[in-house]
J.: 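So that we are looking at the same thing, I have put the structure below in structure tokens.
Numbers here are sequence positions counted from 1.
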Amino acid sequence: MAEIEGNKNAKDYGIGIPQETPGFHVKGSASYDWGMKHRLSQIFHPRTGRVVMLAFDHGYIMGPTSGLERVDLSIVPLIPYADVLMCTRGILRTVVPPQCVKPVALRTSAGATVLTELSKELIGVNVEDALRLNASAQAVMAYIGAPYEHETLGVLTATIDAGMKYGLPTLAVTAVGKDMVRDARYLGMSCRVCAELGAQFVKTYYCEPDFEQITAACPVPVVIAGGKKISEPEALELAYKAIDQGAAGVDMGRNIFGAECPVAMIQAVRAVVHEGEKPAQALEMYQTLKNQLA
């Protein structure tokens, strides 16, 4: 029987040896149906295999978050520069213009707020409504090691099953509670569990050291969370290091819409993710665009 310590000597990560995905540009997705691949191609750019996701789903657990008091004013101007929008169905239906052609990673787990135990979630949006909204992916929390781990993994697997029926990818978001350590051992376990359960891609936090072990051991794309607000130079450095160590993209919210010049910041992040710009050059780009937009 497997034990909690059974993975302590894992070391053969094959760092630097890419996982092969014959005939398709999204890691681990070669054997999916056409519809699933088509949606994944909307998310991960066929040229780079990477993605810049704009996250503004914070309100489903936090209410009117700083910077998201008026989504129509803070987020809508950023839509042209994002590859994917990550939001709730309420905001999608009420604020995001239907003329928008950007793919949507729709938040479909729900059931808790910051006032209660966050891991006690359930399926908040069924697959039929996700399809009605033309979502390109369903986004579900995965609370590994939390009080309601069993229930949240049940929500994840049910969502994956429903998505497979219709060719709709599932993004598993590895949630980290306040008592959980954000290290490679924990995050690597969380990402691998989600992939083993069938998630088509995974969102997690960047960590040091050994983030490259997380991406190497996860057989599907790993996208990093932007996390709490940090300075613009730090956020660009974070994006660069994550991509350099195997991440397939970023899902940033506060570090874009909370920047001094959000329109300039999302373009600088894009340069890092899709063009491989170093942080210093990306920051110079940010400053130039900020001055032009002032």
Side-chain angles (χ1 to χ4, degrees), residues 25-26 35-65 67-110 124-140 159 163 166-171 173 200-201 203 221 223 225-226 239 248-259 261-275 289 293:
H25 67 284
V26 181
M36 182 75 76
K37 286 182 175 180
H38 182 67
R39 290 186 175 95
L40 287 170
S41 291
Q42 293 173 350
I43 296 167
F44 295 97
H45 198 288
R47 177 176 65 87
T48 65
R50 295 174 182 164
V51 63
V52 174
M53 299 177 65
L54 178 61
F56 51 103
D57 58 330
H58 307 63
Y60 98 103
I61 58 170
M62 300 172 68
T65 312
L68 293 179
E69 298 90 346
R70 287 285 301 274
V71 174
D72 57 327
L73 301 180
S74 61
I75 295 297
V76 172
L78 301 177
I79 289 176
Y81 307 100
D83 294 322
V84 176
L85 310 180
M86 184 167 175
C87 61
T88 62
R89 63 177 174 182
I91 289 296
L92 189 61
R93 282 192 165 110
T94 59
V95 179
V96 177
Q99 299 91 333
C100 167
V101 295
K102 300 290 182 172
V104 172
L106 187 69
R107 169 67 66 183
T108 59
S109 60
V125 181
N126 62 36
V127 69
E128 287 80 11
D129 205 30
L131 291 168
R132 189 176 297 115
L133 286 165
N134 204 28
S136 293
Q138 304 171 97
V140 179
T159 301
Y166 295 104
L168 183 61
T170 296
L171 167 62
V173 182
Q200 279 72 38
F201 58 124
K203 174 180 172 181
V223 175
V250 302
D251 186 17
M252 282 190 170
R254 285 167 286 191
N255 281 304
I256 289 178
F257 64 71
C261 183
V263 170
M265 187 60 181
I266 193 170
Q267 293 181 75
V269 171
R270 287 189 62 83
V272 170
V273 173
H274 288 301
E275 309 305 331
L289 289 169
L293 294 167

J.: Stepwise, does the side-chain contact (heavy atoms from CB on, under 4.5 Å) test hold for Val125 with Arg107?
T.: CA-CA 8 Å; Val125 181; Arg107 169 67 66 183; over 6 Å; no
J.: Identify the two heavy atoms, one from Met53 and one from Phe201, that lie closest to each other, and give their separation to 0.1 Å.
T.: SD-CE1, 4.3 Å
J.: Between Met252 and Gly226, which heavy-atom pair has the shortest distance, and what is it?
T.: CG-CA, 3.9 Å
J.: Can you tell me how far the CG atom of Asp57 sits from the CG atom of Leu92, to the nearest 0.5 Å?
T.: 12.0 Å
J.: Side chains of Gln200 and Leu40, heavy atoms from C-beta outward: is any pair under 4.5 Å?
T.: yes
J.: Return the CG to CD1 distance between Leu85 and Ile91, rounded to the nearest 0.5 Å.
T.: 12.0 Å
J.: Hey, which of Arg50, Arg270, Arg47 is the one that makes salt bridge (Lys or Arg N to Asp or Glu O under 4.0 Å) with Glu275?
T.: Arg47
J.: Could you walk me through whether Lys102 and Asp83 satisfy the salt bridge (Lys or Arg N to Asp or Glu O under 4.0 Å) test, starting with their C-alpha distance in whole Å, then the side-chain angles of each, then the deciding distance to 0.1 Å, before giving a yes or no?
T.: CA-CA 6 Å; Lys102 300 290 182 172; Asp83 294 322; 5.5 Å; no
J.: If I take atom CZ from residue Arg89 and atom CG from residue Leu106, how far apart are they, to the nearest 0.5 angstrom?
T.: 8.0 Å
J.: To check you understand the geometry: which heavy-atom pair defines the closest contact between Ala139 and Met86, and what is its length?
T.: CB-CE, 3.6 Å
J.: Can you tell me if Asp129 has over 12 outside heavy atoms packed within less than 6.0 Å of its CG?
T.: yes
J.: Please round to the nearest 0.5 Å and tell me the distance separating atom CG of Leu293 and atom CD of Gln267.
T.: 7.5 Å
J.: Who passes ring-ring contact (aromatic ring centres under 6.0 Å, His included) against Phe257, sequence neighbours left out?
T.: His58
J.: Over all heavy atoms of both residues, which pair between Val140 and Ser109 is shortest? Give the atoms and the distance, please.
T.: CA-OG, 3.7 Å
J.: Nearest 0.5 angstrom please: Phe56 CZ to Ile75 CD1, how far?
T.: 5.5 Å
J.: Would you say the side-chain atoms of Gln42 and Ser136 include a donor-acceptor pair closer than 3.5 Å?
T.: yes
J.: I'd like to know if the side chain of Thr65 and the backbone of Gly63 have a donor-acceptor N/O pair within less than 3.5 Å.
T.: yes
J.: Under the ring-ring contact (aromatic ring centres under 6.0 Å, His included) test, which residues partner His25, sequence neighbours left out?
T.: none
J.: Return the CG to CG distance between Leu168 and Asn134, rounded to the nearest 0.5 Å.
T.: 10.0 Å
J.: Please confirm whether the backbone N or O of His274 pairs with a side-chain atom of Thr48, one donor and one acceptor, at under 3.5 Å?
T.: no
J.: Give me the atom names and distance for the closest heavy-atom approach of Val51 to Val273.
T.: O-CG1, 3.8 Å
J.: Test side-chain contact (heavy atoms from CB on, under 4.5 Å) on Val52 and Val84 and set out the steps.
T.: CA-CA 7 Å; Val52 174; Val84 176; over 6 Å; no
J.: So, for Ala248 and Pro221, which heavy atoms are closest and what is the spacing to 0.1 Å?
T.: CB-CB, 3.8 Å
